[in-house]
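Heads up, the thing below is written out as structure tokens.
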Amino acid sequence: MSSSRVLVLNSGSSSVKYQLLDMRDSSRLAVGLVERIGEETSRLKHTPLASGGESREWTGAIADHEAALKAVSAELTKDGLGLDSPELAAIGHRVVHGGKHFTEPTVIDDAVLAEIERLIPVAPLHNPANLTGIRTASALRPDLPQVAVFDTAFHTTMPESAARYAIDVETADAHRIRRYGFHGTSHAYVSRATAELLGKAPEDVNVIVLHLGNGASASAVRGGKCVDTSMGLTPLEGLVMGTRSGDMDPAVIFHLARVGGMSIAEIDTLLNKKSGLIGLCGDNDMREIRRRIDEGDERAQLAFDIYIHRLKKYIGAYYAVLGRVDAIAFTAGVGENAAPVREAAVAGLEQLGLAVDAELNAVRGDEARLISPAGARVAVAVVPTDEELEIATQTYALVGKGNG
Ligand code: ADP
């Protein structure tokens with residue numbers, strides 16, 4: 001019996017997203033998610049793609065991650081794809097923070113678990129949930145390799161000049177304060193797919209990747225290796241996001257505490273959950289913001305302008321970091337779908353060889369595509385990201401060989 005299937009798990013604090021892939025052809029056999037774990041109204045949505053079946057939804061109390069994974073396994077079993085199947089080669093886990101040392105996907109053992117746990121102070125929201133997912137999956141299939149694929153890994157090639165903050169070195173090292181970067185799985189996948197779109201090897205291409213989802217980050221990738229990225233110690237730094245502020249003078253925090261009388265917890269919530277687009281105009285969905293702009297809403301317009309201004313600054317900064325840019329790739333929910341964002345982000349940058357063709361930019365689709373005018377010095381591309389496929393590919397590359 002060949003083992004060619006990989007289950008990809010993305011465990012959040014109250015949710016689990018999953019995909020089961022067949023790595024012989026990278027096809028998706030099933031996808032789904034469990035939300036609101038721990039509440040009375042937990043929801044499971046499962047889509048058995050292999051059998052072309054209809055999505056099944058279920059609402060009820062799912063107490064914890066163990067119950068969630070068991071419910072997922074029960075759904076998969078109905079389609080003949082259960083977690084007990086010998087065809088399952090491995091489980092690949094998205095782990096948000098791998099610190100400085102996890103530079104590659106890693107087969108999980110006790111030492112790896114301990115290190116992910118040690119990193120909780122720098123990823124208090126994410127790593128505990130990821131650990132719970134790993135422990136639960138290992139308990140269900142102790143015989144199976146469990147692989148951690150880290151959001152930070154792709155960024156570990158950043159030089160110290162980009163990775164360090166200009167603060168006292170001893171203090172920084174004592175608290176492991178440095179720029180780690182996130183969304184690395186997406187930046188890795190998209191920079192490689194962009195090279196492929198250009199018909200070149202990743203080693204020969206310099207790319208600026210703009211991952212614009214609800215969370216958003218930019219990266220500068222030289223010859224396949226990340227040399228700078230916009231997120232830092234946490235995913236708060238950098239671009240304007242759906243609900244996060246991105247870059248600001250750190251003294252805003254002192255001011256809010258001293259003058260505004262806010263607690264650290266309140267400021268944390270303000271900057272992570274009530275800032276960015278939602279703080280600026282009350283909406284964090286770019287579709288809604290564009291709709292309001294079309295109706296002449298000035299607050300929505302200002303939020304859009306601030307978003308674009310920051311994006312443009314990062315394009316310029318990473319152009320300077322790379323020296324030579326072969327392509328700019330837009331990805332994730334906003335980057336893949338919002339033509340006005342792509343148009344505005346490169347508007348006025350003709351001197352840098354950057355432009356979009358209005359007709360090409362208006363085309364919608366799931367495929368990687370060029371939107372720059374023919375013969376442009378720098379290619380501008382829309383490259384749909386696929387973090388689950390990347391996690392499955394990396395997981396299978398590590399454990400799949402020799403199976404079958
Ligand atoms: P995340 O994974 O960070 O939650 P996604 O990459 O799925 O986010 O992006 C979600 C965001 O994409 C939405 O909040 C919305 O702003 C944007 N988005 C999705 N579809 C469209 C669209 N058709 N036009 C403009 N923006 C869109």
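Both ligands and their constituent atoms are indexed starting at 1 by order of listing. None of these values were measured; they are calculated from a predicted model.
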Seminar exercise, completed: Closest to atom 23 (N) of ligand 1 among protein heavy atoms sits N337 CB, 3.4 Å
Seminar exercise, completed: for atom 24 (N) of ligand 1, nearest protein heavy atom and its distance come out as R287 CG, 3.2 Å
Exercise. Is G242 near ligand 1, meaning one of its heavy atoms is under 4.0 Å from it?
Worked result: no
Exercise. Is it true that E390 and R192 have a side-chain N and a carboxylate O under 4.0 angstrom from each other?
Worked result: yes
Exercise. Can you tell me which residue and heavy atom of the protein come closest to atom 6 (O) of ligand 1, and the distance to 0.1 Å?
Worked result: G333 N, 2.9 Å
Exercise. Is L212 touching ligand 1 with its side chain, its backbone, both, or neither, if touching means heavy atoms under 4.0 Å apart?
Worked result: neither
Seminar exercise, completed: V334 heavy atoms within 4.0 Å reach ligand 1 at atoms 12 (O), 16 (O), 17 (C)
For this session: Taking only heavy atoms of A332 into account, list the atoms of ligand 1 that are under 4.0 Å away from them.
Result: 6 (O)
Exercise. Hey, which atoms in ligand 1 end up nearer than 4.0 Å to a heavy atom of A338?
Worked result: 25 (C)
Problem set entry | Min N/O separation N214 to ligand 1 under 3.5 Å | yes
Exercise. What atoms of ligand 1 come closer than 4.0 angstrom to any heavy atom of G215?
Worked result: 3 (O)
For this session: Run the salt-bridge test on E87 and R24 with the 4.0 Å N-O cut-off and return the result as yes or no.
Result: no
For this session: Find all atoms of ligand 1 within a distance of less than 4.0 Å from any non-hydrogen atom belonging to N284, and give their numbers and elements.
Result: 14 (O), 16 (O)
For this session: Please determine if E66 and K70 form a salt bridge, counting it only when a charged side-chain N lies under 4.0 Å from a carboxylate O.
Result: yes
For this session: Over 60° means perpendicular and under 30° means parallel, so classify the ring planes of H211 and H187, tilted if in between.
Result: tilted
Problem set entry | Shortest protein contact, atom 16 (O) of ligand 1 (heavy atom only) | M286 N, 2.8 Å
Exercise. With no hydrogens and no angle check, is any side-chain donor or acceptor of H126 less than 3.5 Å from a backbone partner on V95?
Worked result: no
Problem set entry | Salt-bridge contact E237-R179 (side-chain N to carboxylate O under 4.0 Å) | yes
Problem set entry | Nearest protein heavy atom under 4.0 Å from atom 3 (O) of ligand 1, yes or no | yes
Seminar exercise, completed: heavy-atom search around atom 15 (C) of ligand 1 in the protein gives D285 OD1, 3.4 Å
Problem set entry | D22 versus S4, side-chain donor and acceptor atoms under 3.5 Å | yes
Exercise. Between D294 and R292, does at least one N-O distance fall below 4.0 Å, as a salt bridge requires?
Worked result: no
Problem set entry | Ring centre gap for H155 and F182 strictly below 6.0 Å | no
For this session: Report the part of R364 in contact with ligand 1, treating N, CA, C, O as backbone and CB onward as side chain, heavy atoms under 4.0 Å; options are side chain, backbone, both, neither.
Result: side chain
For this session: Using atom types as modelled and distance alone, determine if a side-chain donor or acceptor of T132 lies under 3.5 Å from a backbone N or O of P128.
Result: yes
